[in-house]
Peer 1: 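Quick one: the structure is below, questions incoming.
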Amino acid sequence: MRIRATTFWKKPRLICTLLSHLVTLDPTILFKRHELYVLEDRKKVYGFIALKYHSNALVERGSLYVYPHHRNKGYGKKLMKYVIKNHKNVYVLCKSEDKKLKEKQGFQLVKKAPFPLAWRRAFYNNYLRPLTGQTIIAMKK
């Protein structure tokens, strides 16, 4: 089993996975310079994690997905550890209820997020929170 770097455009089947889970995964990754880390074994994909590069200094952890029949086996954790080990200053936008999980992964809450994340957080919290009841926070590793 290995983790291999690629992009969604080189793995079009994974675009379908991303788009079919729009409620939980972030399709904006397709419009940004990104890197996709795929956990696979003999061409069988177990899951993936994506990083969005807003600039050379600003990396955002995007979608993390493990296929249902491979869940609860530590594959998501393996992908997260790989990203954290190999990248510095990674940000993530997440629901406030996920704060403790992100802290276990090594992230810390930031009050002042970089602009590309701050405006999305503000938009969501000002306009969508009344509909969803969810608050979005920014965290950094």
Side-chain angles (χ1 to χ4, degrees), residues 1-41 43-141:
M1 189 169 295
R2 68 185 178 136
I3 296 175
R4 192 168 59 97
T6 186
T7 69
F8 276 111
W9 301 113
K10 291 179 184 174
K11 291 284 225 177
R13 233 180 63 216
L14 298 181
I15 294 174
C16 295
T17 300
L18 181 73
L19 295 176
S20 67
H21 294 87
L22 277 177
V23 175
T24 56
L25 299 180
D26 179 7
T28 64
I29 195 88
L30 297 172
F31 306 109
K32 286 269 179 211
R33 185 175 66 117
H34 71 276
E35 195 153 21
L36 182 67
Y37 295 97
V38 179
L39 179 64
E40 62 187 358
D41 188 26
K43 297 192 179 192
K44 181 177 184 178
V45 176
Y46 288 75
F48 59 83
I49 189 169
L51 295 181
K52 292 189 245 183
Y53 292 89
H54 295 279
S55 69
N56 288 337
L58 177 57
V59 180
E60 178 186 358
R61 196 216 84 185
S63 299
L64 168 62
Y65 187 77
V66 176
Y67 286 92
H69 45 286
H70 299 299
R71 291 184 183 158
N72 301 315
K73 298 177 182 170
Y75 298 135
K77 187 182 290 188
K78 186 174 190 161
L79 285 162
M80 270 302 302
K81 284 182 178 180
Y82 183 86
V83 165
I84 289 171
K85 179 181 171 190
N86 292 296
H87 295 82
K88 294 182 180 176
N89 300 321
V90 176
Y91 288 83
V92 65
L93 289 179
C94 63
K95 297 180 278 187
S96 58
E97 65 193 40
D98 292 338
K99 181 179 179 237
K100 288 187 188 227
L101 172 64
K102 299 298 182 232
E103 287 173 338
K104 282 183 183 178
Q105 295 171 347
F107 288 89
Q108 296 177 348
L109 183 67
V110 292
K111 301 247 186 255
K112 185 170 177 155
F115 180 76
L117 286 87
W119 80 263
R120 286 189 9 244
R121 178 183 61 185
F123 176 83
Y124 189 94
N125 289 338
N126 290 327
Y127 299 104
L128 299 178
R129 180 176 45 197
L131 302 172
T132 64
Q134 302 277 337
T135 300
I136 297 296
I137 59 174
M139 300 186 81
K140 178 182 177 187
K141 169 68 178 127

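Numbering of residues begins at 1 and proceeds along the displayed sequence. All of these numbers come straight from a predicted model, not from anything done at the bench. Only heavy atoms go into these numbers, but all of them, side chains included; no hydrogens, no water, no symmetry mates.
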Peer 1: Which atom names give the shortest non-hydrogen contact between Ala50 and Leu36, and what distance separates them?
Peer 2: CB-CD1, 4.0 Å

Peer 1: If you look only at pairs with a residue in residues 56-72, which of them pass as a salt bridge (Lys or Arg N to Asp or Glu O under 4.0 Å), with sequence neighbours excluded?
Peer 2: Lys52-Glu60, Glu60-Arg120

Peer 1: Measure the shortest side-chain to side-chain distance between Asn89 and Val59 over non-hydrogen atoms and say whether it is less than 4.5 angstrom.
Peer 2: no

Peer 1: For the pair Phe48 and Tyr65, name the ring-plane relationship: parallel under 30°, tilted 30 to 60°, perpendicular over 60°.
Peer 2: tilted

Peer 1: Would one find more than 12 heavy atoms of other residues, nucleotides or ligands at under 6.0 Å from atom CG of Asn56?
Peer 2: no

Peer 1: How many angstroms lie between atom CD1 of Ile29 and atom OH of Tyr53, to the nearest 0.5 angstrom?
Peer 2: 9.5 Å

Peer 1: Ignoring hydrogens, what is the shortest heavy-atom contact between Asp41 and Met1? Give both atom names and the distance.
Peer 2: OD1-N, 3.5 Å

Peer 1: Measure the CZ-CG distance between Arg4 and Leu39 for me, rounded to the nearest 0.5 Å.
Peer 2: 11.5 Å

Peer 1: Could you pull out the closest heavy-atom pair between Ala5 and Glu35, with the gap in Å?
Peer 2: CB-OE2, 3.5 Å

Peer 1: Should we count CD of Glu97 as having more than 12 external heavy atoms under 6.0 Å?
Peer 2: yes

Peer 1: Roughly how far apart are Lys100 NZ and Asp98 CG, rounded to 0.5 Å?
Peer 2: 12.5 Å

Peer 1: Let me check something: any side-chain donor-acceptor pairs from residues 132-141 under 3.5 Å, sequence neighbours excluded? List them with distances.
Peer 2:
from: Thr132; atom 1: OG1; to: Tyr124; atom 2: OH; distance (Å): 3.1
from: Thr132; atom 1: OG1; to: Leu128; atom 2: O; distance (Å): 3.2
from: Thr132; atom 1: OG1; to: Gln134; atom 2: N; distance (Å): 3.1
from: Thr135; atom 1: OG1; to: Arg129; atom 2: NH1; distance (Å): 3.4

Peer 1: Identify the heavy atoms of Leu79 and Gly47 that sit nearest to each other, and give their distance.
Peer 2: CD1-C, 3.9 Å

Peer 1: Testing the basics here: between Tyr91 and Phe107, what is the closest heavy-atom pair and its distance to 0.1 Å?
Peer 2: C-CE2, 4.4 Å

Peer 1: Once you round to the nearest 0.5 Å, how far does CG of Asn86 lie from NZ of Lys81?
Peer 2: 13.5 Å

Peer 1: CG of Asp26 to CZ of Phe31: how many Å apart, nearest 0.5 Å?
Peer 2: 10.0 Å

Peer 1: Looking at NZ of Lys32 and NE2 of His34, how far apart are the two atoms once the value is rounded to the nearest 0.5 Å?
Peer 2: 12.5 Å

Peer 1: May I have the list of side-chain donor-acceptor pairs in residues 8-20 shorter than 3.5 Å, sequence neighbours left out?
Peer 2:
from: Thr17; atom 1: OG1; to: Tyr67; atom 2: OH; distance (Å): 2.7
from: Ser20; atom 1: OG; to: Cys16; atom 2: O; distance (Å): 3.0
from: Ser20; atom 1: OG; to: Thr17; atom 2: O; distance (Å): 3.0

Peer 1: Set out, in order, the CA-CA distance, both residues' side-chain angles and the distance that settles side chain to side chain contact (heavy atoms under 4.5 Å, CB included) for Ile49 and Ile3, then state yes or no.
Peer 2: CA-CA 10 Å; Ile49 189 169; Ile3 296 175; over 6 Å; no

Peer 1: Report the C-alpha distance between Val66 and Lys77 in whole Å, list the side-chain angles of each, state the deciding distance to 0.1 Å, and finish with yes or no for side chain to side chain contact (heavy atoms under 4.5 Å, CB included).
Peer 2: CA-CA 10 Å; Val66 176; Lys77 187 182 290 188; over 6 Å; no

Peer 1: If you take all heavy atoms of Lys73 and His69, which pair is closest and at what distance?
Peer 2: NZ-O, 3.3 Å

